**Q** 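One structure is given below, represented as structure tokens, and several questions about it will come after.
Computed from a predicted structure; not experimentally measured.
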Amino acid sequence: MTAQIRILCLSPLARSCLTLLPVSGCECDPRYAVTDCTMTQTEYKYSLLSSSSEDYRRRPLLLQVDHSPMSLFAVLEVKRGPTLWQRSGTPTCLRRVKIYGMLLGLVLTLFIMASYILTGDRRSLLLTPSPYQFEPSVNFAALPFNLSSARDYATIKQVVRNIASKLEFTPRKLPDLKALVSSEPHLFSVIPREFLPNVKNPCWYEEFSGNITSNPYRTNLYLHYSRHLRSMFEYLRHAYREHLLLRGGKYYRMRCLPYFYIIGQPKCGTTDLYDRLRHHPEIRFSTFKEPHWWTRKRFGIIRPSEGFRHRYPVEDYLDLFDLAAYQIQDHLMANGSENPHQHSIITGEASASTLWDNNAWVYFYDNATEMEPPFLIQDFVHALQPQARFIVILRDPVERLYSDYLYFSAANKSVEDFHEKVSESLQLLEGCLQEYSLRSCVYNTTLNNAMPVRLQVGLYIVYILDWLSVFPRDQILILRLEDHASNREITMRKIFDFLTLAPLTTQQEAKITKSPASNTRRLSDRNLGPMLPITKNILRDFYSPFNQKLAKVLRNDSFLWLDHSKSS
């Protein structure tokens with residue numbers, strides 16, 4: 001079986017081609033600098049990308065020769081054709097391709113290695129399968145991926161206007177329960193459809209079929225996280241036996257899910273909320289702040305830059321709430337069901353990726369939904385916990401993006417570098433919107449991994465609308481970091497009321513509200529100063545239509561961020 005491949009001609013000299021596989025019969029089109037070649041290969045399409053990483057080491061390899069860069073969407077287009085051995089002779093183009101390809105390949109390799117060393121990113125480069133099978137109709141010449149034009153203010157302003165013209169907030173098609181169960185049968189076999197009626201937190205008794213003298217946490221994959229977690233699991237190993245219940249000759253253990261989730265967004269104050277809520281006497285969080293189970297660990301993603309590992313089973317996630325489960329059980333056994341206020345302890349979980357990160361879907365779910373995920377995180381949470389509550393804290397998306405850049409970039413940070421990364425990311429998003437819907441681009445794994453800054457995380461309305469498609473509005477509390485920073489007492493009381501917690505004493509409330517803010521901007525990052533005014537102007541124009549839609553849906557004009565308030 002053979003295939004025909006379309007790749008970019010990176011040098012106009014003799015219309016030569018950069019080849020990745022043996023080819024023959026190359027013909028370059030001088031108008032588009034594209035070549036048609038054949039190779040022996042099955043029908044695949046690939047994108048040349050750098051290794052993906054949440055901490056801003058996700059850069060497209062934009063190869064530029066004579067101001068003609070290779071874009072994210074320059075994927076290999078594979079077509080059936082005659083075999084290499086069925087063709088007669090050795091065309092002159094093939095000999096030229098080999099010579100120029102070797103020379104140009106050596107130069108490009110040295111250039112890329114040098115750039116990665118300078119930026120502090122020494123991870124290996126990956127030639128990874130593209131999760132999205134782009135159609136051959138993509139017009140490479142029409143895509144505005146010229147890095148030199150990214151410095152041109154007028155050009156980028158036009159890119160922003162082009163993006164705004166493509167925005168359509170269309171409702172998503174909801175999956176049915178049968179499809180969800182079919183995709184994750186083990187998850188639905190472990191978690192019951194009903195919970196204990198006399199406990200506020202979603203808990204149940206699970207039959208324990210193992211040896212009661214063994215360590216049930218021995219195989220938990222979260223053990224590899226830190227010494228603190230290993231110590232915590234060692235404590236639980238001794239505590240679980242005394243909490244086993246013997247009924248009808250069988251042992252049972254209490255299991256619990258979170259009563260509430262802090263689900264987003266990163267660099268918007270989730271750590272500060274977590275640290276304050278930990279001091280409430282009725283709240284118990286998971287063993288550590290961000291398990292990232294729903295978005296990453298259940299798919300086997302430990303760190304986005306390291307690819308896939310072993311998938312964390314749901315039992316490992318439930319283990320993180322066992323300490324709270326034992327406390328709930330102690331209250332329940334001591335007080336019975338007569339006084340439910342005595343066992344009103346609730347559990348919480350605070351992974352800031354839960355609201356937005358669905359990047360793993362394309363590797364595990366059938367792509368039969370016109371590039372949009374058939375299932376989202378909230379579909380599974382709702383099927384298992386229709387009464388769950390969620391806290392979202394948002395921030396001016398312009399300031400959020402800059403804070404995100406400063407926090408996750410490892411080296412060579414500057415306001416000029418941030419401006420360049422913003423320009424590149426806007427052009428990548430515009431290129432996607434030329435072919436696909438807003439939702440498909442927002443959840444486009446390849447695009448998200450390629451953008452140098454995480455523009456998509458600030459498109460709050462897209463995620464909020466998708467969460468509201470399955471959960472009612474009164475189960476999602478949406479706050480602003482600016483309001484929280486200016487008056488923590490009001491914000492925290494809103495949360496206490498939302499979670500229906502008991503009133504606090506003056507001393508307890510002061511301990512929660514008067515402590516200094518957590519996870520503020522580092523001194524070295526503050527010394528860089530604010531972003532360039534031109535960058536801020538571009539980003540305000542870009543996020544404005546999304547903010548307008550958000551304010552309309554939430555019926556609150558403060559989400560327009562017209563005051564341009566800042567917080568670190």
**Q** Which pairs count as ring-ring contact (aromatic ring centres under 6.0 Å, His included) when at least one residue sits in residues 178-203, sequence neighbours excluded?
**A**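 Found Phe195-Trp204.
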**Q** Ignoring hydrogens, what is the shortest heavy-atom contact between Pro266 and Arg400? Give both atom names and the distance.
**A**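 What the structure gives for the nearest pair is O-NH1, 3.2 Å.
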**Q** Quick check: does any side chain N or O of Asn220 sit under 3.5 Å from a backbone N or O of Asp316, one acting as donor and the other as acceptor?
**A** yes
**Q** If you draw a 6.0 Å radius around OH in Tyr235, do more than 12 non-hydrogen atoms from other residues or ligands fall strictly inside?
**A** no
**Q** Nearest 0.5 Å, please: how far is OH in Tyr326 from CZ in Arg284?
**A** 15.5 Å
**Q** Just wondering, do Leu477 and Phe390 contact through their side chains at under 4.5 Å, heavy atoms?
**A**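 No - every pair of side-chain heavy atoms lies 4.5 Å or more apart.
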**Q** Ignoring hydrogens and angles, state whether a donor on the side chain of Glu234 or His238 is under 3.5 Å from an acceptor on the partner side chain.
**A** yes
**Q** Would you name the heavy atoms of Pro291 and Leu320 that are closest together and state the gap between them?
**A** CB-CD1, 3.7 Å
**Q** Any salt bridge linking Arg439 with Asp466? Criterion: basic side-chain nitrogen under 4.0 Å from a carboxylate oxygen.
**A** yes
**Q** Ion pair present between Arg255 and Glu315, side-chain N to carboxylate O less than 4.0 angstrom?
**A** no
**Q** In a check of side-chain contact (heavy atoms from CB on, under 4.5 Å) between Ile283 and each of Leu499, Ile345, Ile495, which one passes?
**A** Leu499
**Q** Output yes when Asp404 and Arg454 qualify as a salt bridge under the 4.0 Å nitrogen-oxygen rule, no when they do not.
**A** yes
**Q** Report yes if some heavy atom in the side chain of Leu187 is under 4.5 Å from a heavy atom in the side chain of Val181; otherwise report no.
**A** no
**Q** Any disulfide (SG to SG under 2.5 Å) involving residues 269-299? Give me the pairs, sequence neighbours left out, ordered by first then second residue.
**A**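 Checked against disulfide (SG to SG under 2.5 Å) - neighbours excluded - no pair reaches residues 269-299.
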**Q** Main chain of Ile476, side chain of Arg473: is a donor-acceptor contact present, judged purely on distance under 3.5 Å?
**A**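 Flag set: sc Arg473 to bb Ile476 pair under 3.5 Å.
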**Q** Kindly say whether the aromatic ring centers of Phe496 and His280 come within a distance under 6.0 Å.
**A**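 Ring centres of His280 and Phe496 closer than 6.0 Å.
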**Q** So, taking the atom named SG in Cys256 and the one named CD1 in Ile191, what distance separates them when rounded to the nearest 0.5 Å?
**A** 11.5 Å
**Q** More than 12 heavy atoms of other residues, nucleotides or ligands under 6.0 Å from NZ of Lys289: is that the case?
**A** yes
**Q** With no hydrogens and no angle check, just 3.5 Å: does a side-chain donor-acceptor pair link Thr347 and Glu349?
**A** no
**Q** Please round to the nearest 0.5 Å and tell me the distance separating atom CG of Leu273 and atom OG of Ser518.
**A** 9.5 Å
**Q** Taking only residues two or more places apart in sequence, or in another chain, which ones meet Leu244 in a side chain to side chain contact (heavy atoms under 4.5 Å, CB included)?
**A** Phe208, Ile212, Tyr240, Tyr251, Arg253
**Q** Is the closest basic N to carboxylate O distance between Lys178 and Glu184 below 4.0 Å?
**A**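 Salt bridge: no.
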**Q** Could you check whether Arg278 pairs with Asp275 (Lys NZ or Arg NE/NH1/NH2 to Asp/Glu carboxylate O, under 4.0 Å)?
**A**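 Salt bridge: yes.
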**Q** Tell me whether Ser351 contacts the main-chain N or O of Ser353 through its side chain, where contact means a donor paired with an acceptor under 3.5 Å.
**A**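 Flag not set: sc Ser351 to bb Ser353 has no pair under 3.5 Å.
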**Q** Without swapping roles, check the side chain of Asn201 against the backbone of Pro258 for a donor-acceptor pair under 3.5 Å.
**A**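 No; judged by distance alone, with no hydrogens or angles, the pair does not exist.
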**Q** Checking Asp357 against His292: is there a side-chain donor and acceptor pair closer than 3.5 Å?
**A** no
**Q** Out of Tyr259, Tyr261, Tyr274, which one pairs with Phe285 under the ring pair (Phe, Tyr, Trp, His ring centres under 6.0 Å) rule?
**A**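 That would be Tyr274; it is the only one of Tyr259, Tyr261, Tyr274 passing the ring pair (Phe, Tyr, Trp, His ring centres under 6.0 Å) with Phe285.
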**Q** Using a 3.5 Å distance criterion without hydrogens, assess whether the side chain of Gln265 forms a donor-acceptor pair with backbone atoms of Val457.
**A** yes
**Q** With heavy-atom distances below 4.5 Å as the criterion, would you say the side chains of Thr505 and Gln508 are in contact?
**A**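 A side-chain contact exists here, since the closest heavy-atom pair is under 4.5 Å.
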**Q** Verify whether one side chain among Thr500 and Lys200 offers a donor that lies under 3.5 Å from an acceptor in the other.
**A**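 Side-chain D/A pair, Thr500 to Lys200: present.
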**Q** Checking the side chain of Asn444 only, and the main-chain atoms of Leu447 only, is there a donor and an acceptor separated by less than 3.5 Å?
**A** yes
**Q** Could you pull out the closest heavy-atom pair between Leu223 and Phe233, with the gap in Å?
**A**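 Closest approach of Leu223 to Phe233: CD2-CD1, 3.4 Å.
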**Q** Considering all heavy atoms of both residues, which atom of Trp361 and which atom of Tyr443 are nearest to each other, and what is their separation?
**A**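 That would be NE1-O, 3.1 Å.
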**Q** So, the side chain of Arg237 versus the backbone of Pro216: is there a donor-acceptor pair under 3.5 Å, distance only?
**A** no
**Q** Hey, does the side chain of Ser425 reach the backbone of Lys421 with a donor-acceptor pair shorter than 3.5 angstrom?
**A** yes
**Q** I'd like to know whether CD of Glu207 has more than 12 heavy-atom contacts from other residues, nucleotides or ligands below 6.0 angstrom.
**A**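 Counting neighbours around CD of Glu207, more than 12 heavy atoms of other residues, nucleotides or ligands fall under 6.0 Å, so yes.
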**Q** Using modelled atom types and a 3.5 Å cut-off, is there a donor and acceptor pairing between side-chain atoms of Arg276 and backbone atoms of Ile512?
**A**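 Flag set: sc Arg276 to bb Ile512 pair under 3.5 Å.
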**Q** May I ask you to decide whether Arg493 forms a salt bridge with Glu509, counting only side-chain N to carboxylate O separations under 4.0 Å?
**A**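 Salt bridge present between Arg493 and Glu509.
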**Q** Between His484 and Met492, is there a side-chain heavy-atom distance shorter than 4.5 Å?
**A** yes
**Q** Got Thr354 and Tyr463 here, is their nearest side-chain heavy-atom distance under 4.5 Å?
**A**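 Of all side-chain heavy-atom pairs linking Tyr463 with Thr354, none is under 4.5 Å.
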**Q** Does any N or O in the side chain of Arg298 come within less than 3.5 Å of the main-chain N or O of Trp294, such that one atom is a donor and the other an acceptor?
**A**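 Flag set: sc Arg298 to bb Trp294 pair under 3.5 Å.
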**Q** Of the non-hydrogen atoms in Leu468 and Val553, which two are nearest, and what is the gap between them?
**A** CD1-CG1, 4.1 Å
